[in-house]
**Q** 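Below you will find the structure I want to go over with you.
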Amino acid sequence: MATMTKYILRNDLSIVCRDTYGKLLCNEHIVPLTPTEYRLCSLFLKKREHQISFQTDTFVFPYILRSDLQKWAGIPNKQLLRKHISNANSKLAPHHLHIKSFEQGYVLINQQVFIATGVNQ
């Protein structure tokens, strides 16, 4: 049986994780992530209970330490982690999602509102 987790963030944004197939769907569109990129993205989504929602409809998923991301995704060093995150971000961008570095870790944000309001990223 396929494992599927669905997150409805707003009326116009839903994310589905299909762990069995390693697929991430944003608004029913497959995001063409590699297995490693999928693991990275799903780590943020699986910690959704710590998601912060702002009145502007911006969503910031939990802060995860770089060392924890490396360990959980099986990535041996921070340079390779940055490369996987950069590649994932290019595939997440059309869906207004972005993995952003912050001090010693990363957060996954919905950047739709930042684009709409012209706030610098």
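These values consider heavy atoms only, across backbone and side chains, with no hydrogens, waters or symmetry-generated copies. For the single chain, residues carry numbers from 1 onward in sequence order. Source: prediction; values computed, not measured.
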**Q** Of the non-hydrogen atoms in Cys26 and Val31, which two are nearest, and what is the gap between them?
**A**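 Closest approach of Cys26 to Val31: SG-CG2, 3.8 Å.
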**Q** Could you measure the distance from the CD atom of Glu103 to the CZ atom of Arg66? Nearest 0.5 Å is fine.
**A**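 Those atoms lie 13.0 Å apart.
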**Q** Between Tyr106 (side chain only) and Leu69 (backbone N and O only), is there a donor and an acceptor less than 3.5 Å apart?
**A**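 A pair under 3.5 Å: no.
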**Q** Hey, could you give me each pair passing salt bridge (Lys or Arg N to Asp or Glu O under 4.0 Å) that has a residue in residues 72-81? Not counting sequence neighbours.
**A**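 Listed once each, the pairs would be none.
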**Q** Around atom CD of Gln79, are there more than 12 heavy atoms of other residues, nucleotides or ligands at under 6.0 Å?
**A**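 Counting neighbours around CD of Gln79, more than 12 heavy atoms of other residues, nucleotides or ligands fall under 6.0 Å, so yes.
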**Q** Might you point out which heavy atoms bring Pro76 and Leu80 nearest each other, and give the distance in Å?
**A**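 Minimum heavy-atom contact is CD-CD2, 3.7 Å.
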**Q** Tell me, with the steps shown, if Asn27 and His95 meet side-chain contact (heavy atoms from CB on, under 4.5 Å).
**A** CA-CA 8 Å; Asn27 292 340; His95 306 284; 5.9 Å; no
**Q** Do the side chain of Tyr38 and the main chain of Cys17 share a donor and acceptor less than 3.5 angstrom apart?
**A**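 It does not hold such a pair.
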**Q** Distance check, rounded to the nearest 0.5 Å: Lys91 atom NZ versus Leu97 atom CG?
**A**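 Between Lys91 NZ and Leu97 CG, I get 14.5 Å after rounding to 0.5 Å.
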**Q** With rounding to the nearest 0.5 angstrom, report the CD to CD1 distance, Gln70 to Ile75.
**A**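 These two atoms lie 7.0 Å from each other.
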**Q** Show the nearest heavy-atom pair for residues Asn89 and Ile99, with the distance to one decimal.
**A**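 Looking at all heavy atoms of both residues, the closest pair is OD1-N, 2.7 Å.
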**Q** OG of Ser90 to CD1 of Ile85: how many Å apart, nearest 0.5 Å?
**A**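 Result: 12.5 Å between the selected atoms.
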**Q** To the nearest 0.5 Å, what is the distance between CG (Leu24) and CG (Leu92)?
**A**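 Result: 7.0 Å between the selected atoms.
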**Q** Using the rule given for side-chain contact (heavy atoms from CB on, under 4.5 Å), can you reason through Leu40 versus Leu81, listing the C-alpha separation, both sets of side-chain angles and the distance that settles it, and then say yes or no?
**A** CA-CA 9 Å; Leu40 287 169; Leu81 175 66; 3.7 Å; yes
**Q** Once you round to the nearest 0.5 Å, how far does CG of Leu43 lie from NZ of Lys71?
**A**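 So the gap between those two atoms works out to 11.0 Å.
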**Q** Assess, by modelled atom type and distance only, whether the side chains of Ser42 and Arg39 contain a donor and an acceptor separated by less than 3.5 Å.
**A**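 No - no donor-acceptor pair under 3.5 Å links their side chains.
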